[in-house]
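A, B, ... follow the sequence lines: proteins, then strands. Residue 1 opens every chain. Keep in mind that the numbers below use all heavy atoms, side chains included, and drop hydrogens, waters and symmetry copies.
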Amino acid sequence: MDPESFLYIAVSFFILGAVASLLPLKKVKDYIYLLPVSGSVIFGILSFSLVSGSNLNVFSFPISSIFEFKFHGDSFSGFFAILISVLAFCVSIFSIGYTSSFTNKGLFGFLYNMFILSMYAVIFSANIITFLISWETMSVLSYFLVTFERDEKSSKAGLLYIVMTHIGTAFIIILFLLLYGQTGSMDFAEIKKLSSQIPENLRHLIFIFSIIGFGTKAGIIPLHTWLPKAHPAAPSNISSLMSGVMIKTGIYGFIRISIDMLGSGPEWWGVTIIIIGTISSVLGVLYALIVNDIKKLLAYSSIENIGIILLGVGASMVFNANGLYLLSGIALIAGLYHALNHSIFKGLLFMSAGSVVHAAHTKNMENMGGLLKAMPYTGLFFLIGSVSICALPPFNGFVSEWLTYQSLLLGFQADSVLAKIITPLGGAALALTGAIAAACFVKAFGISFLGMPRSRQAENAVESTPSMTAGMAVLAVLCFLSGIFPGTVINMLSSVIGSLSGYNTNNDLLSYLHADNFFIFISDSSKEIGNAITSLSPVSIILTMIVMLIALLVFIRIVNRGRKITYADSWDCGIPSLTPRMQYTSTAFTKPIKIIFKRIYLPKREINISYLVKPLFVKAMKYSGGITPFIDKYIYDNVTGFIKRIANKVRLMQSGSLHLYLGYILITLIILLIFGD
Amino acid sequence: MEFMQFLIIILFSPLVNGTIKKFKAGMQGRVGPSIVQPYYDLLKLFKKDMVISNVTSWIFKVAPYVVFASSVTAVMLVPVVTAESSFFMMGDVIALIYILALGRFFMALAGLDAGTAFGGEGSSREMTVTILVEAMMMLSIFTAAISAGSTNIARIAASDYISYSPAHVLALAAFIVAIIAETGRIPVDNPDTHLELTMIHEGMILEYSGRYLAIIEWAQYIKQMLLFTIAIDVFLPFGISMSNQPLHIIISCGIYFVKILFITFLMAFAESTRAKLRFFQLPSLLGGAFVLALLSLLTYTIMGK
């Protein structure tokens with residue numbers, strides 16, 4: 001079968017799913033998610049065939065001379081389609097159980113199917129019109145999904161999201177207009193061919209607009225404000241999709257425009273991206289650390305991971321500008337590998353967080369605790385996700401961060417001093433990020449799953465349904481597999497970046513970055529890297545650990561034969577009855593970090609004491625504390641304040657009287673007639 | 001022999017701790033326990049019964065093994081007396097730091113598992129110190145890695161860049177602070193106290209007893225000697241054997257012994273002459289070391305050596 005027919009079948013599964021959800025049949029609605037499950041499997045097969053490079057397909061539905069729906073898939077879009085397919089598959093399985101208690105299942109099923117389909121449409125769009133329509137469809141559908149639960153909080157979050165995303169879209173439209181104006185073509189392939197004739201200054205402008213436009217969707221700081229509000233407001237299976245793949249479409253768009261179409265660019269482009277990546281990763285994870293809402297924590301951590309992806313992408317652009325094309329390829333592989341890993345483990349984390357919220361009826365970690373005993377599988381999956389996202393071996397996050405470190409350190413091979421300084425500093429920021437992420441996920445897992453239950457609901461929590469755990473299990477296994485067998489992923493990625501312009505160095509690249517199932521080598525077979533040999537073997541690491549554990553167990557068996565284990569209460573300093581209230585809380589855990597980074601957090605605290613007799617007898621003490629999100633306070637508040645002031649002035653013109661409006665039209669007409677010709 | 005060099009660290013690490021204690025006792029005018037005392041302690045702990053809190057979950061039982069396995073696996077990646085071994089292909093210094101981080105992650109979780117305030121305090125502080133230390137440690141190793149052209153620690157040790165440029169001296173200074181923080185020594189943490197509000201590491205392992213405690217203590221000794229060895233490999237690599245000939249390895253063993261003795265003395269000296277810092281004074285110490293590491297990298301970039 002040719003790829004087109006695969007596509008038609010896959011699309012029809014999703015459309016069928018959307019239509020069937022709207023049918024007024026109660027029985028059907030419970031099994032509706034089997035359709036997107038099959039659809040994503042077929043899309044997955046299609047995308048793997050695209051990545052392997054053998055199949056390209058172009059097809060279009062012309063509507064008028066310029067208005068044409070045109071879709072095209074190369075191996076770069078194939079790679080992102082794999083991300084969507086893997087996550088859509090698992091989330092759909094998860095949704096069978098997760099959505100069973102929803103009130104408006106039919107509408108949700110419709111939106112869900114169309115949302116996934118619109119993400120595929122974005123990735124496969126081949127011209128400007130198609131891209132913009134798919135992009136808008138994706139944004140609007142995700143808006144409906146964010147506000148699906150219809151409380152005040154989610155509608156506020158949704159409003160912020162739709163406003164921010166449209167600011168982003170405005171920039172995307174302008175940059176496409178610029179591209180169209182300069183090349184006279186709507187077609188991406190044509191634009192790419194003609195892009196060399198775009199003047200220097202306009203290229204810079206397009207680059208900056210693509211950072212703003214796509215960066216808003218990806219959630220880079222300071223354009224991230226919508227993300228930590230929208231992700232927690234949406235139902236968890238949607239947060240999983242949004243955080244796992246939707247924000248990656250921003251990365252896709254950025255790479256498509258700035259690297260593929262414009263062919264990278266001068267060094268400061270890459271340096272800018274590295275700086276943005278550094279800021280987003282460090283600030284993102286710092287904010288993730290201190291929040292107590294488990295889904296908000298994961299949302300901030302997505303900002304961090306987008307930053308890490310951008311570190312790889314930025315390093316790649318710097319190398320490209322310095323003429324180090326093979327290093328550039330390695331750095332881009334690192335970035336894309338992290339994109340893949342992030343969608344796997346963040347999808348997993350959001351789903352397990354969803355199960356927890358479902359079972360404990362709270363998003364606040366301070367009210368959880370001890371859930372590992374009640375929900376052993378969900379707990380295990382959350383732990384696997386946490387270990388992966390902290391980039392700890394032997395799970396997948398480690399390999400992509402290791403590659404990112406390597407590519408940043410190899411920046412020393414560049415000639416320019418700026419690159420030599422900025423790349424290792426990016427590496428240091430990555431190390432800082434890694435350490436903070438570890439603290440963050442120790443808190444997230446430790447406070448919510450370990451210790452004693454902190455509330456009645458947490459005490460009565462029960463394990464999620466089999467379909468929910470099955471959806472998570474698939475991703476947990478993938479976390480492990482793509483961590484210990486990185487060779488497969490790297491080889492796939494080297495053919496993916498081969499399809500981007502300026503990276504047609506597929507075979508050379510593989511002689512350099514050798515990866516099989518047991519080893520990754522960055523070798524010195526070429527002069528470019530100098531003598532930088534380095535290597536990694538995740539399989540050997542895990543095998544060594546296992547062998548050493550067995551040796552230890554044997555040793556213990558010999559020395560410690562026949563010793564008893566007594567179970568007793570925790571050590572309580574001699575005071576009887578340790579209560580759950582005495583445990584370290586989420587706020588307490590992060591307090592030292594809040595104090596150390598107070599210049600960033602700008603913490604505020606308020607203590608109200610009411611007395612019975614003024615200085616001696618205290619009746620009640622009330623403590624409240626928090627932080628000041630300085631980006632919101634110093635940037636967004638000023639901007640919104642300014643807009644409000646202008647709007648207040650403009651409001652005078654709007655009296656509601658029809659006559660006055662007719663008068664405005666008359667005046668406008670007269671002015672036009674006078675100055676019109 | 002080259003495959004077995006990691007046994008040196010695993011077997012002799014308690015001895016190193018004993019030596020530090022002996023040096024400290026000497027500086028304080030005491031006789032102090034014998035330098036093999038840590039072995040007796042470990043053996044005694046291994047032979048004891050255990051009491052486990054009934055609040056804990058399986059994380060509490062798994063953590064000691066993960067801590068031990070991660071320390072030992074990290075040891076495999078480090079050249080001790082020879083820079084020739086196929087184990088070093090497994091990973092490099094970045095992998096090593098992340099493998100140690102895996103152990104620390106589980107240790108911190110175990111601290112939270114018993115649901116007590118001490119454990120939570122220990123893990124919270126441990127993770128806070130890590131945030132300040134890990135970036136500094138990486139950065140100071142980066143300087144050496146960049147000048148050796150590789151992050152593989154065996155290649156760093158084998159490279160002949162050593163001319164003690166300003167950059168390396170700065171990086172070494174930062175790295176020593178990192179070792180002090182990572183091994184939980186004064187002025188960052190006090191390894192000899194229990195049940196004081198100053199403690200970090202001891203807070204996390206308060207609930208452990210018997211063989212679990214023995215495993216954790218042993219892993220801690222291993223980690224300490226491992227960090228000393230990394231310092232030797234990265235910053236004082238002269239005299240390490242480049243081949244597997246027995247004679248070279250024997251000489252290299254001797255030199256290694258002297259270097260370890262020097263670092264143990266340094267640690268004991270630092271611990272005897274400093275007072276434990278208040279927890280919130282740590283950022284100024286560790287931040288200062290971070291600046292040193294940063295300066296070392298910039299110096300290297302500007303001077304080219």
Verdict with supporting geometry, A:E459 and A:K373, salt bridge (charged side-chain N to carboxylate O under 4.0 Å, His left out): CA-CA 10 Å; A:E459 220 168 326; A:K373 284 179 182 155; over 6 Å; no
Sort out for me which of [options] touches chain B most, counting heavy-atom pairs under 4.5 Å.
| options | value |
| --- | --- |
| A:A437, A:S386, A:P424 | A:P424 |
| A:V387, A:T585, A:L552, A:T433 | A:L552 |
| A:C440, A:G434, A:G446 | A:G446 |
| A:I436, A:V539, A:L409, A:T590 | A:L409 |
| A:L289, A:L425, A:L450, A:L432 | A:L450 |

Flag the pair A:M452 / A:Q583 as yes when at least one side-chain heavy-atom distance between them is below 4.5 Å, and no otherwise. yes
Less than 4.5 Å apart, side chain to side chain, heavy atoms only: is that true for A:I520 and A:S535? no
Taking atom NZ of A:K594 as the centre, report whether more than 12 heavy atoms of other residues, nucleotides or ligands fall under 6.0 Å from it. yes
So which residues of residues 374-384 of chain A are in contact with chain B at a heavy-atom cut-off of under 4.5 Å? A:L380, A:L383
Please output the residues of residues 396-407 of chain A in contact with chain B, using a heavy-atom cutoff of under 4.5 Å, in numerical order. A:F398, A:E401, A:W402, A:Y405, A:Q406
Return the orientation label for the A:F555 and B:W218 ring planes: parallel under 30°, perpendicular over 60°, tilted otherwise. tilted
Select one option (side chain, backbone, both, neither) describing which atoms of [X] are under 4.5 Å from chain A's heavy atoms.
| X | result |
| --- | --- |
| B:T56 | backbone |
| B:F105 | both |
| B:I215 | side chain |
| B:F68 | side chain |
| B:L298 | side chain |
| B:L282 | neither |

So, using ring pair (Phe, Tyr, Trp, His ring centres under 6.0 Å) as the criterion, who are the partners of B:F60 when residues are at least two apart? B:Y208
Taking only distance into account, with no hydrogens and no angle test, what donor-acceptor pairs under 3.5 Å do side-chain atoms of residues 126-133 of chain B form with protein atoms, sequence neighbours excluded?
| from | atom 1 | to | atom 2 | distance (Å) |
| --- | --- | --- | --- | --- |
| B:T128 | OG1 | B:S124 | O | 2.6 |
| B:T130 | OG1 | B:E126 | O | 2.7 |

Start with the C-alpha distance between A:F445 and A:F441, add both sets of side-chain angles, then the distance that settles ring-ring contact (aromatic ring centres under 6.0 Å, His included), and finish with yes or no. CA-CA 6 Å; A:F445 184 79; A:F441 282 91; over 10 Å; no
